[in-house]
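Note that ligands are numbered from 1 as they come in the structure, with each ligand's atoms numbered from 1 the same way.
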Amino acid sequence: MNDIFPDVVGIDLGDRRYDILIGAGLLDSSSAFADLPKAATAVIVTNRTVAPLYAARLQQRLTATYSAVVTIELEDGEAHKDWASLNAIFDRLLGAGLDRKTVLFALGGGVVGDITGFAAASYMRGVPFVQVPTTLLAQVDSSVGGKTAINHPLGKNMIGAFYQPQRVIADLDTLDTLPDRELAAGLAEVIKYGPIADDVFLTWIEDNLDALWARDKKALAYAVKRSCEIKAWVVGQDERESGLRAILNFGHTFGHAIEAGMGYGAWLHGEGVGCGMVMAADLSCRLGLIDRAYVDRLTRLIERARLPVRGPALGADRYLEFMRVDKKAEGGEIRFVVIDQPGQASVRPAPDAVVRDVLAAHTG
Ligand code: NAD
Ligand code: GLY
């Protein structure tokens, strides 16, 4: 792997297929940015933290293809994944008179990626966009698969659209500046792929966690590639989540309740997912699907990844209230991603009493 020959994972969606490029140095590689949609103007959407780190380099790459490059800096943070940020993008695009061929580049983590994708889906009924993810979480999950959204105070990612990018360009070098807490949050989504799809990968993560913490590029490249392969395999079969894709939300039903209940931004998304996976694994065990030893194994790995394994004391009623607005809920009945056996998951309802037992065991 080098900057000229990145790892490439294809995501097969017919005439909307696209590539995920993974490698060190991609922000400086002109081939990574070759053959993107032509337009007069490219727009980099980023935030105040990422802009000073990487916007100039991306801008330099883009001037080879686009005669004008505009940069929009959003406020940083999950709390700003909202209408105000979305409107700020529309204000700039319309204010500059940009047409429907304009290409948006999402430079940042999942927050920037999700907002920019939704802006691209809806500006003039759709303009092309490219994901340039700069967090581990965004490289292994949010930049891939076309889910775009903003939050609503009553629920996470409640307003959005399915809209696929033209390409994902994941430069592993950008992870060098990522704070440790954000690296851990990304590891939660990496770990997720083990229980739902690939037990061998879970063992690989257990064996390579120290290398990932040392930000070893070879280990990171494999973790990002294998995660994207699994995600591409799932999304290729069920782009709009009519079934299988829901397994990608392992740990998220509990996790989203924590995020919303604590106020967006207090817990990182990946922290909610890490703790949520412990709860969802325990639920799977209490439903008789997996044994206690597997729950303990997953809990140990999540702890080693420096993620929380106990949820806040919101109270079971409040957890249940938030979980009932989860997008997987049907007619007010909460549906959980459970592990049927190591490397295999499904979605099903669970009796409130069992969920309350899980919450009692893992919160407060
Ligand atoms: P984030 O976008 O908030 O980024 C985390 C922090 O790291 C931010 O402060 C950001 O400014 C900073 N940052 C980003 N890149 C950096 C770098 N290279 N160096 C230093 N700092 C950097 O959070 P995230 O964890 O990337 O994404 C979480 C979001 O993704 C949530 O809103 C979640 O709902 C969403 N998500 C979406 C999907 C999807 O399929 N669309 C999947 C998973 C998560
Ligand atoms: N992160 C869940 C999904 O993309 O479906």
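Here the heavy atom of the protein found nearest to atom 1 (P) of ligand 1 is Val111 CG2, 3.9 Å. Among all non-hydrogen protein atoms, the one lying nearest atom 31 (C) of ligand 1 is Glu78 OE1, 3.1 Å. Looking only at protein heavy atoms, the nearest one to atom 5 (C) of ligand 1 is Glu182 OE1, 3.2 Å. In terms of protein heavy-atom proximity, atom 1 (N) of ligand 2 is closest to Asp141 OD1, 3.2 Å. Looking only at heavy atoms of the protein, atom 8 (C) of ligand 1 is closest to Asp76 OD1, 3.3 Å. Here the protein heavy atom with the shortest distance to atom 17 (C) of ligand 1 is Thr177 OG1, 3.4 Å.
Looking only at atom types and distance, the side chain of Thr203 has a donor-acceptor partner in the side chain of Arg297 under 3.5 Å away.
In this structure, His256 and His269 have tilted ring planes: the angle between them lies in the 30° to 60° band.
The cationic atom of Arg306 (NZ for Lys, CZ for Arg) lies less than 6.0 Å from the six-membered ring centre of Trp213 and within 45° of the ring axis.
Looking at residues two or more places apart in sequence or on another chain, you find no salt bridge (Lys or Arg N to Asp or Glu O under 4.0 Å) involving Glu182.
Near Asn47, meaning under 4.0 Å from one of its heavy atoms, ligand 1 places the atoms 10 (C), 11 (O). Under a 4.0 Å criterion applied to the non-hydrogen atoms of Glu189, ligand 1 contributes the atoms 43 (C). If you number the atoms of ligand 1 from 1 as listed, the ones under 4.0 Å from a heavy atom of Lys156 come out as 31 (C), 32 (O), 33 (C), 34 (O).
Geometrically, ligand 1 and Lys81 share a nitrogen or oxygen pair separated by less than 3.5 Å. Between Lys147 and ligand 1, a contact under 3.5 Å exists for at least one N or O pair. Looking at Ala138 next to ligand 1, no N or O pair under 3.5 Å apart turns up.
Only side-chain heavy atoms of Lys231 come within less than 4.0 Å of ligand 2; its backbone N, CA, C and O stay farther off.
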